[in-house]
Structure formats: structure tokens, C-alpha cells
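Report on the following structure.
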Amino acid sequence: MSTTVINFFAHFTRFKTALQNAPYAMLAGLGAVCGIMACLVLTGLVTPATLPAIVAPIGASSVLVFALPASPLATPRAVIGGNTLSAVIGIAIGLLIPNPLLAAGLAVGLAIVLMAASRTLHPPGGAAALTAVMLHPNTLPFSTDLTFPLLPVCLNSSILVGVGMLFHRFSGHSYPHRAPTVPLQTQQEAGLKHEDIVSALNATDDVFDIDTKDLERLLILAEHHAKQRRTP
């Protein structure tokens, strides 16, 4: 078979996969529209004129909440806690360190450390910390500095999570995510146990963006399907 034919089938397979994922992508996009609009409208009602009604990191948070609701990085704890904590760090660093170059790096680095330590790791939190530094807190009234992590960051994040919970009631996905239970018979047929997966994860030096229960379910189901395929 020529290379041209092989490439054609490869591109066709990718195109077919994209078409199959299109309804899910459209649904996630619709959720993001609802979430961002709700943040702008509701936060705009109470946010002081000196602060924006929405911050850019919320756009990144909406990708996780609506497109990847099963990710540990998209939990309500991560979205609200990660963004708010990072904004507090950004404001504090911006007040303490006048050099914007040093302040930006320290704010994002410290935000990552504290989010990981508090189990609120959320990638847009890094952007929230950077956004807070770029406000130049030492040039703003102190009352504005104190307000920013709550309005708009915390309120934006809370509204987004609330819309996500409501939206996923109708989308068919659980949010906050809970791993579906594998049928007992399938569990018994599989040779894998929870301790095996934990041991395998502990033996690696990497951090994976998947809940242990979800990983266990996927591996058990994969082993179950492989066994069915091998059985005449």
C-alpha cells in the first residue's frame, strides 16, 4: 500500500473522529457561552467601577468546567479555590515587590506551590496570579487591592461553577464529577485491584490529570473488553 493511500486513510480517520466529537464540542461551547455571560452580568451588578466585571482566567476555567468536567483540575474546589488563592498571592506579591518582572515570576511560581499544597491545583490560577500582578497593586487604593480576589475573581469562579453544575444536569455529565461504578461481575473478572493501580502510580514520577477511580474503571473495562475479544 502506497504512502499516499496510508496518509489518506489516516486523515480520513482523524476527520471521522472530529465529526463524532462535534456534538460534544458544540455542547461544551454552549456551556461556556452561558457561563461567561452569567459571570459578566451577575458580577457586573456588584463589582466596583474601578475593577473589571470578569477576568481573563475565567475563560480558561470555562474550558475545563464545560469541556473536561471529569478532570481533577476542574472540580469546584479547584476552580474557586485555585483562582481565588492565586489572585490573593498575586496582589500580595505585587504590593511587596515593585519590580514587575520579578513579581510576575514569583506570583505564578508561588501560586503553583500553594495550589498544589492545598489540593486546589487549577491551571488558570497561574493566570489569575499574573493578572493580579499586572494590575500594579501598589498604584491602586488598598481597598481595591483587597477587593480584587473576591470581586471579580472569587465571584466569577463561583458563578461559573454554579452554571456548570446546572448545565451538566442536562448535558449527561456529572459535575462535580463522580466516577461511575463498574459492575461487580466485571470487577471480579478483572485481575486488577485498586491497590495495583495505586502501586503503579506511586512507581512513576509523573502526575496524571485523571482521578484514580476513573483510571481504575478504564483499566478494568479495557481488560474486560480484551478478554471478550480473545474469547471465541
Side-chain angles (χ1 to χ4, degrees), residues 31-69 71-165 175-176 206-209:
V33 170
C34 297
I36 295 299
M37 289 178 64
C39 287
L40 272 168
V41 172
L42 298 178
T43 308
L45 295 175
V46 295
T47 302
T50 55
L51 289 170
I54 195 170
V55 288
I58 298 301
S61 295
S62 68
V63 176
L64 289 167
V65 170
F66 296 102
L68 297 169
S71 170
L73 305 177
T75 64
R77 176 190 178 99
V79 176
I80 299 172
N83 282 335
T84 305
L85 178 63
S86 298
V88 170
I89 293 167
I91 291 293
I93 295 295
L95 288 171
L96 294 172
I97 300 175
N99 185 314
L101 184 65
L102 180 59
L106 280 176
V108 175
L110 189 57
I112 292 173
V113 171
L114 293 184
M115 282 191 292
S118 60
R119 295 188 298 113
T120 59
L121 194 61
H122 185 60
L130 189 59
T131 301
V133 171
M134 293 176 67
L135 286 176
H136 303 292
N138 51 7
T139 66
L140 299 174
F142 189 61
S143 58
T144 302
D145 293 335
L146 290 178
T147 303
F148 178 74
L150 298 176
L151 296 174
V153 177
C154 184
L155 185 56
N156 279 173
S157 304
S158 301
I159 292 170
L160 191 72
V161 164
V163 174
M165 289 179 175
Y175 184 78
D206 296 310
V207 178
F208 298 97
D209 182 18

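Here, residue 1 is the first one in the sequence, and each next residue gets the next number.
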Exercise. Is there a side-chain contact (heavy atoms from CB on, under 4.5 Å) between Leu140 and Thr50 once you walk through the steps?
Worked result: CA-CA 9 Å; Leu140 299 174; Thr50 55; over 6 Å; no
For this session: Might you work through the side-chain contact (heavy atoms from CB on, under 4.5 Å) test for Leu150 and Leu155, ending with a clear yes or no?
Result: CA-CA 6 Å; Leu150 298 176; Leu155 185 56; over 6 Å; no
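- Nearest heavy atoms, Ile89 versus Ala111: CD1-CA, 3.6 Å.
- Contact record, Leu160 with Phe66: CD1-CE1, 3.8 Å, taken as the closest heavy-atom pair.
- Legend: residues meeting side chain to side chain donor-acceptor pair (under 3.5 Å) with Ser71, ordered by chain and number and at least two apart, are Asp209.
- For residues 139-154, there are no side chain to side chain donor-acceptor pair (under 3.5 Å) pairs, not counting sequence neighbours.
- Atom-to-atom distance recorded for Ile54:CD1 and Thr43:OG1 is 7.0 Å, nearest 0.5 angstrom.
- In this structure, the separation between CG on Leu68 and OH on Tyr175 is 11.5 Å, given to the nearest 0.5 Å.
- Residues Val161 and Pro76 come closest through the heavy atom pair CG1-CB, 3.7 Å.
- Considering all non-hydrogen atoms of both residues, Ile159 and Leu42 come closest at CD1-CB, 3.5 Å.
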Exercise. Are Val46 and Leu151 close enough, and set up right, to give a side-chain contact (heavy atoms from CB on, under 4.5 Å), and what steps lead you there?
Worked result: CA-CA 8 Å; Val46 295; Leu151 296 174; 4.0 Å; yes
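- The minimum heavy-atom distance linking Ile80 with Cys154 is given by the pair CG2-SG, 4.2 Å.
- Between the side chain of Asn138 and the main chain of Ile97, no donor-acceptor pair closer than 3.5 Å is present.
- Within the structure, the side chain to side chain donor-acceptor pair (under 3.5 Å) test picks out the following pairs touching residues 60-69 (sequence neighbours left out): Ser61-Asn83, Ser61-His122.
- Rounding to the nearest 0.5 angstrom, the gap separating the CG atom in Leu121 from the CG atom in Leu85 is 11.0 Å.
- Leu106 contributes atom CG, which lies 5.5 Å from atom CD1 of Ile93 (distance to the nearest 0.5 angstrom).
- In plain terms, the two heavy atoms of Ala104 and Leu130 that are nearest each other are CB-CD1, 3.6 Å.
- When side chains are defined from C-beta on, Pro176 does not count as touching Thr75, because their heavy atoms never get closer than 4.5 Å.
- By the neighbour-count criterion of 12 heavy atoms within 6.0 Å, atom CZ of Phe208 is densely surrounded, having more than that number from other residues, nucleotides or ligands.
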